[in-house]
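Okay, so here's the structure we're looking at.
Below, chains carry the letters A, B, ... as their sequence lines are ordered, and counting in each starts from 1.
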There are 2 protein chains.
Amino acid sequence: MAMSSRPTIHQVAKAAGVSISSVSRALNGNTSNPEMVAKVRAAVKQVGYVPSAVAQSLKTQQTGQIAFAMEDIGNAAYLAMVREIQPRLREDGYRLLLHATAADVQDEIDVLESLAQKYVDGLILCPIRVTDRHIEALRSPAVPVVVIGQLPDHVGVDNVRTDSRQGARLAVEHLYAGGARRIAFVNGPADTVPGHARYAGYREGLRACGLEVDELLVEVGDFQVAAGQAATERILARTDVDAVFGANDLIALGAMHALRSAGRSIPGDVQVAGMDDTTLAETSFPPLTSVSLGSRERGGIAAEMLLARLHGGTEPAQRVTVPPSLTVRQSTVEVSE
Amino acid sequence: MAMSSRPTIHQVAKAAGVSISSVSRALNGNTSNPEMVAKVRAAVKQVGYVPSAVAQSLKTQQTGQIAFAMEDIGNAAYLAMVREIQPRLREDGYRLLLHATAADVQDEIDVLESLAQKYVDGLILCPIRVTDRHIEALRSPAVPVVVIGQLPDHVGVDNVRTDSRQGARLAVEHLYAGGARRIAFVNGPADTVPGHARYAGYREGLRACGLEVDELLVEVGDFQVAAGQAATERILARTDVDAVFGANDLIALGAMHALRSAGRSIPGDVQVAGMDDTTLAETSFPPLTSVSLGSRERGGIAAEMLLARLHGGTEPAQRVTVPPSLTVRQSTVEVSE
DNA sequence: CCTCCGGCTGGAAACGTTTCCGAGTCATCC
DNA sequence: GGATGACTCGGAAACGTTTCCAGCCGGAGG
């Protein structure tokens, strides 16, 4: 168990009868002498040498690691990103470090500040809120950072975002087209960036359809199934609806449960739409119409941007916007034109 | 952007007018002189010093990182583990590294062998198959390893497992108690450890209930919704069933879709049960009865075991078995006794 | 034949810490 | 008052690599 410590490059050098510099060169392909390479290879195998990643990092100033920080990996949107990011990074030989911040601002700041420890070569960050302290910490990060999500214009950081406001509007318009006139909205916390944008999109969509905003139709909870269900029940208790738009798929799922319990059929009596287009939407009953915010795509793009920086890209900070799109399934009424 | 490199302990020493050893001591709490500490703190703030994690690692031989390797983070069972593991590790100051092996044996071996690079202090591994090469690589790992899943007895590695065979049996017996006599089974790949065990448990359960195994009732796909749906359709096309047991929740969800399409009510006409007791089971319609294999719990235990090793635990390899339990929801018939 | 040049090799200096060890300071105790 | 001890601090070695540099050798050219 407590083996003597692993062999170092010195033992290899001794076994091969050459200097450590020659071993290093042979292993890193900086030698043209095939004999030397063979000798070193043999010695490596003989002593069972594996280079120390830490020592290499110290010398080369690269760790081969990239961090991804988000609220909670349990959230399907972040999950989709991870599933896209990890393989891409791996392709380029990077390992992935996961930070779950639990939506704690201090945690996010900590992550940003700990970058100066240089334990990773780069960071992909999904802040749920953007505070002044975030902006301050993003001013000159110790390593390249890509932010996924909304960000004030003046922050000079690579950024990939979507337009969830526009997405919310799409959903509302679709529900309207399907015949809905009393469209309820169940939101997540209003003081989060997504919560704010989705609410704005909801109102915008109503206005575009010529409908008034009726606060009786709006409820807030968090971004979870139970909250969606409870919020929908509150709405049903006080007014009539013919559609419910959930600020994410979990909320919409909760809404479906509440509606079913109240004896409403979907989409016959009430249409339901969600947001994020996660696998939950595909597999729910009935399958849920959902606004796709391109999570996978955003993850992939963020990874590409970060890798480009790490490969020496030095152009000014980029910004990419992934447009939302609507995936229509059976929880809403589709109008063929 | 390309700032001059971050200040080192040397700049701090110079700024404070003391030696680097004093700086190190002051920062690590090995100094009793408060003046010295104050002076150093001030200098640190002044030059904006943050210690290099890499250099510290090299010197202390610890990285503060732990790896978790599993098939696919998209799998809800692994997700549950991660959500349990990450906060626990974080409590003790460890960062989490994620490896998704895509069920590739070579990948898993690579992870094990790369441990010799010492880029992490420990590993939690969820192998989907256990080959001789696994066992060989586990013989004397460079850092402590905890395996989640079945493992031959003679492998001297900390191990936390569940009894999915027993779990499958529980499900079958529950379906039988609810009145089912033709209980179909939709499995994942039979050559995986879970696939094998669950099939064995299914047969065992039937036998315990005095039922015969009818191969017409058994189908195999992979552990996904679509496969579960397709497999269920194949079964329905050739025989009658009054219950379907899916080898995981995704399969069971697919089965529910297939049954509904075929016009069967759940649980009236056909009962359905799944396995893993993921959030999907809670949120599906109707909520899915599912066998819990204690994923969260196993993750937590694995984390504890690993941390115990890292804190110097030197007792022989432990094995913990988490018993399966049944979570009954509306997709099956409960018999009150 | 001597010089110059190019290619390999080995020694040594980094990378940024922690920690061992010896030297110095000060107070205490005989 | 001098020796002894307890403490603190600075220098230097170490952790395991990569890479610069100088030296060596052989071959080619004058």
Side-chain angles (χ1 to χ4, degrees), chain A residues 3-41 43-44 47-65 114-121 142-143, chain B residues 3-41 43-44 47-65 114-121 142-143:
Chain A
M3 290 288 295
S4 64
S5 69
R6 307 264 145 184
T8 73
I9 198 172
H10 288 91
Q11 345 286 10
V12 179
K14 193 185 297 177
V18 300
S19 74
I20 61 165
S21 18
S22 297
V23 175
S24 177
R25 273 188 298 256
L27 261 37
N28 298 320
N30 298 323
T31 288
S32 36
N33 184 344
E35 267 183 62
M36 173 67 84
V37 174
K39 218 170 9 175
V40 169
R41 288 260 167 76
V44 164
V47 305
Y49 168 72
V50 180
S52 151
V54 173
Q56 287 181 320
S57 293
L58 179 58
K59 191 58 199 175
T60 62
Q61 307 283 49
Q62 305 196 349
T63 62
Q65 301 186 153
S114 69
L115 291 181
Q117 298 181 348
K118 293 290 191 86
Y119 64 100
V120 289
D121 296 341
V143 298
Chain B
M3 290 288 296
S4 62
S5 68
R6 306 264 146 186
T8 73
I9 197 173
H10 287 90
Q11 346 284 11
V12 178
K14 194 186 297 179
V18 300
S19 74
I20 61 165
S21 19
S22 297
V23 176
S24 176
R25 273 188 298 254
L27 261 38
N28 297 320
N30 299 323
T31 287
S32 37
N33 183 345
E35 266 184 63
M36 173 66 84
V37 173
K39 218 173 6 175
V40 169
R41 288 261 168 77
V44 163
V47 304
Y49 168 71
V50 180
S52 152
V54 173
Q56 285 180 321
S57 294
L58 179 60
K59 190 60 197 172
T60 62
Q61 308 283 48
Q62 304 195 352
T63 62
Q65 301 187 152
S114 69
L115 292 181
Q117 298 181 347
K118 295 291 191 84
Y119 64 99
V120 290
D121 295 342
V143 299

Between P of C:dG7 and CE of A:Met36, the distance in whole Å:
16 Å
Test of understanding: with side-chain contact (heavy atoms from CB on, under 4.5 Å), list the residues that count as partners of B:Thr60, not counting sequence neighbours.
B:Gln62
With sequence neighbours excluded, tell me which residues meet side chain to side chain donor-acceptor pair (under 3.5 Å) with B:Asn30.
none
When you compare the side chain of A:Ile9 with that of A:Ser24, does any pair of heavy atoms fall below 4.5 Å?
yes
Indicate the atoms forming the closest heavy-atom contact of B:Lys39 with B:Ala16, along with that distance.
CD-O, 3.7 Å
Take the C1' atoms of the five end pairs on each side of the helix from C:dC1-D:dG30 to C:dC30-D:dG1, derive the two axes, and give their angle rounded to 10 degrees.
60°
Could you give the side-chain donor-acceptor pairs of residues 47-54 of chain B under 3.5 Å, partners two or more places apart or in another chain?
unit_1, atom_1, unit_2, atom_2, d
B:Ser52, OG, B:Val54, N, 3.3
B:Ser52, OG, B:Ala55, N, 3.0

Shortest non-hydrogen contact from B:Gln65 to B:Tyr119?
NE2-O, 2.9 Å
Going 5' to 3' along DNA chain D, which are the first and last nucleotides with any atom under 4.0 Å from a heavy atom of chain B?
D:dT8 to D:dG16
Listed in order of residue number, which residues of residues 47-64 of chain B have a non-hydrogen atom at under 4.0 Å from DNA chain D?
B:Leu58, B:Lys59, B:Gln61
Separation of B:Leu58 CG from B:Thr63 OG1 (nearest 0.5 Å)
12.0 Å
Check side-chain contact (heavy atoms from CB on, under 4.5 Å) between B:Lys118 and all other residues, then give those that pass, not counting sequence neighbours.
A:Arg6, B:Ala142, B:Val143
Taking only N/O atoms, report every protein-nucleotides 21-27 of chain C pair under 3.5 Å with atom names and distance.
none

Tell me, please, which residues at least two apart from A:Gln61 pass side-chain contact (heavy atoms from CB on, under 4.5 Å).
none
Enumerate the residues from residues 8-20 of chain B whose closest heavy atom to DNA chain D is under 4.0 Å, giving them by residue number; use none for an empty result.
B:Val18, B:Ser19
Counterpart residues, side chain to side chain donor-acceptor pair (under 3.5 Å), relative to B:Ser57 (two or more places apart):
none
For B:Thr31, enumerate each residue passing the side chain to side chain donor-acceptor pair (under 3.5 Å) test, keeping only those at least two apart in sequence or located in another chain.
none
A:Ala26 to A:Val37 - nearest heavy-atom pair and separation
CB-CA, 4.2 Å
